[in-house]
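Heads up: the structure comes next, in structure tokens.
When a residue number appears, it is its place in the shown sequence, counting from 1. The shown structure was predicted, so the numbers you read here are calculated from the model rather than taken from an experiment.
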Amino acid sequence: MEVKKILIVEDEFITSKDLKEMLSEMGYQVIGIAVTGEEAIQKAKNDQPDLILMDIMLRGNMTGIEASKTINMTMDIPIIFLTAYSDKKTFEKAKDTEPSSYIVKPVTNENDLRTTIELTLHNHQKKLEEKQKYEKVLEETEDRLEKSEKKFDQIKQLLQIDSPSTENSLSSSLNKSIKIDFEDLFQDPNLPKWFNALGNSDRFHMVKYIKEKPRKINELENLLNKARTTVKHHLTTLENLGIIIGKISGKYIHFSLTKNLDFLSDRNAENYPECFDALSNTDRMKVLEFLRKSPSTIPEIENLIEKSQASVSHHLRILETCGLIMIQKKGRSNYYSLENERLTKMFSFYQHWKNLS
């Protein structure tokens, strides 16, 4: 049996030492201990653990919650939050990152810890298998569509039909047909909420699944391999923004899209949630609106959003990773500017959806 690798993120020496000993006795391999959020992200990237035990409150500028969100954007690693903070406010913040589980310190019961870890690893494996199965079906469907398109082109040539070519990329046609009103969109309070709803990978896959045909809640549970309470939370978020609607049909409620979301059929659609999530933060929206006027340095952006340099750098890294901004060096300073084509594409999805009746 393969030994599972675990990364501990804990800034209290005694706690991390006790955890390491406990995990080693259970037969797990502790591949490292990180004491800051930044260190946790780097170790997760370099060492690729099977699971992370993450303390919520860490030394430095980045909390465990922020570190978890960054890790979830780029890596598929289950995270168990480990904290002495059991108050509702902290729990709600942690819940937004959708951790695999949550343990309150001090951890003294070895059986409880083992059970939580094993269940988390099992559920994550099931989720991966479901995702692979879904992606395989999607790939086979795309292959069939591609073959059908080729056959259609051959028939057109034989019949010498002079008709406009069908564009394969739906998003590119959107960009051509819609003029983006950035001034209006940046003032739209629903814009970051819409991106937040679809920036969550589970909700994105739910919407993509619902696009095919109306779905019952148990079908969505099977798709995500998540508890019904989690699925209901996602459905409520999507319903509140008018992205989906539930209608009673017989004994069941079936959920369907309120408006067509063409971009879900794009071949690169799997990459969109990362960008949507980046655009769901109001501070990052302020940064993008500011950069529309002219390229700017980190100190200038700090003055705009009144946040620390570490926080600004964190936001810029996320935007750069998604290809929404780029860096240009002038003299001794780095200037950040918009990647207009990418931003226009993302905004066009929302504006097209908004304009649909």
Side-chain angles (χ1 to χ4, degrees), residues 2-128 200-202 225-227 229-230 233 277 310-311 314:
E2 183 186 358
V3 177
K4 296 299 181 182
K5 300 180 295 182
I6 297 180
L7 171 65
I8 298 172
V9 185
E10 170 62 66
D11 59 359
E12 295 177 5
F13 175 75
I14 295 175
T15 302
S16 61
K17 181 175 176 290
D18 290 345
L19 271 174
K20 183 177 181 180
E21 289 177 0
M22 198 180 295
L23 292 169
S24 298
E25 287 174 4
M26 291 182 195
Y28 300 111
Q29 179 188 355
V30 177
I31 59 172
I33 297 173
V35 297
T36 66
E38 292 83 357
E39 187 183 2
I41 294 167
Q42 194 59 47
K43 281 185 178 291
K45 183 178 179 182
N46 294 340
D47 301 332
Q48 292 294 307
D50 296 303
L51 181 138
I52 298 174
L53 282 176
M54 176 81 73
D55 189 13
I56 286 182
M57 302 308 295
L58 298 169
R59 69 179 65 168
N61 295 311
M62 184 181 287
T63 66
I65 296 172
E66 292 169 334
S68 296
K69 195 167 185 180
T70 302
I71 289 170
N72 287 336
M73 284 175 60
T74 55
M75 292 167 268
D76 193 3
I77 303 172
I79 296 172
I80 297 175
F81 275 138
L82 180 70
T83 183
Y85 292 81
S86 56
D87 61 280
K88 187 176 179 181
K89 187 176 180 181
T90 303
F91 181 73
E92 287 300 321
K93 283 184 179 179
K95 199 167 67 173
D96 286 342
T97 67
E98 298 188 344
S100 300
S101 193
Y102 189 98
I103 300 176
V104 177
K105 294 192 296 184
V107 181
T108 55
N109 191 314
E110 185 176 310
N111 288 331
D112 285 351
L113 179 61
R114 186 197 299 274
T115 301
T116 302
I117 291 173
E118 288 301 316
L119 279 174
T120 298
L121 291 170
H122 174 76
N123 290 337
H124 184 67
Q125 182 60 37
K126 291 281 289 181
K127 180 183 172 184
L128 286 177
N200 175 281
S201 60
D202 281 345
N225 192 30
K226 293 285 178 72
T229 52
T230 301
H233 169 71
D277 185 60
S311 180
H314 172 66

Between side-chain atoms of residues 23-38 and protein atoms elsewhere (two or more places apart, or another chain), which donor-acceptor pairs fall under 3.5 Å?
residue, atom, partner, partner atom, Å
Ser24, OG, Lys20, O, 2.8
Tyr28, OH, Glu118, OE2, 2.3
Thr36, OG1, Glu39, N, 3.1

| Who are the side chain to side chain contact (heavy atoms under 4.5 Å, CB included) partners of Thr115, not counting sequence neighbours? | Leu119

| field | Counterpart residues, salt bridge (charged side-chain N to carboxylate O under 4.0 Å, His left out), relative to Arg114 (two or more places apart) | value | Glu110

| query | Does the side chain of Asp277 reach to within under 4.5 Å of the side chain of Asn200, using non-hydrogen atoms? | reply | no

| With Asn46, which residues qualify under side-chain hydrogen bond (donor to acceptor under 3.5 Å, both in side chains), at least two apart? | Gln42

| said: Looking at every heavy atom in both Phe81 and Gly64, which two are closest together, and how far apart are they? | reply: CE2-O, 3.9 Å

| said: Between Leu19 and Leu82, is there a side-chain heavy-atom distance shorter than 4.5 Å? | reply: yes

| remark: Correct closest heavy-atom pair for Val3 and Asp50 would be O-OD2, 4.2 Å

| request: Measure the shortest side-chain to side-chain distance between Val9 and Ile52 over non-hydrogen atoms and say whether it is less than 4.5 angstrom. | output: yes

| field | Contacts of Glu12 that satisfy salt bridge (charged side-chain N to carboxylate O under 4.0 Å, His left out) - sequence neighbours left out | value | Lys105

| What is the distance from atom OG of Ser68 to atom CE of Met73, rounded to the nearest 0.5 Å? | 13.0 Å

| remark: What one should report as the nearest heavy-atom pair of Lys127 and Asn225 is N-ND2, 3.6 Å

| request: Of all the heavy-atom pairs spanning Thr120 and Pro78, show the shortest one and how long it is. | output: CG2-CB, 3.7 Å

| message | Assess whether a salt bridge exists between Lys226 and Asp202, defined as any Lys/Arg side-chain N lying under 4.0 Å from an Asp/Glu carboxylate O. | response | yes

| said: Between Asp18 and Met22, is the side chain to side chain contact (heavy atoms under 4.5 Å, CB included) condition met? List the steps. | reply: CA-CA 6 Å; Asp18 290 345; Met22 198 180 295; 5.5 Å; no

| query | Does the pair Leu7 and Leu53 meet the rule for a side chain to side chain contact (heavy atoms under 4.5 Å, CB included), with working shown? | reply | CA-CA 6 Å; Leu7 171 65; Leu53 282 176; over 6 Å; no

| said: If the condition is side chain to side chain contact (heavy atoms under 4.5 Å, CB included), which residues does Asp112 pass it with, not counting sequence neighbours? | reply: Asn109

| query | Say you draw a straight line from CD1 of Ile65 to CD1 of Ile56; how long is it, rounded to the nearest 0.5 Å? | reply | 4.5 Å

| message | Give me the atom names and distance for the closest heavy-atom approach of Pro49 to Ile77. | response | O-CG2, 3.7 Å

| Side chains of Ile8 and Met54 in contact at under 4.5 Å (non-hydrogen atoms) | no

| query | Which residues pass the side-chain hydrogen bond (donor to acceptor under 3.5 Å, both in side chains) test with Gln48, sequence neighbours left out? | reply | none

| task | Please round to the nearest 0.5 Å and tell me the distance separating atom NZ of Lys126 and atom CG of Leu121. | result | 14.5 Å

| task | Find the distance between CD1 (Ile80) and CD1 (Ile6) and round it off to the nearest 0.5 Å. | result | 7.5 Å

| query | CD of Glu66 to OG of Ser311: how many Å apart, nearest 0.5 Å? | reply | 7.0 Å

| message | Strictly by salt bridge (Lys or Arg N to Asp or Glu O under 4.0 Å), give each pair with a member in residues 75-84 just once, sequence neighbours left out. | response | none

| Check: Arg59 main-chain N/O paired with Asp11 side-chain donor or acceptor under 3.5 Å | yes

| Shortest non-hydrogen separation from Ile103 to Val107 and the atoms involved | CG2-CG2, 3.9 Å

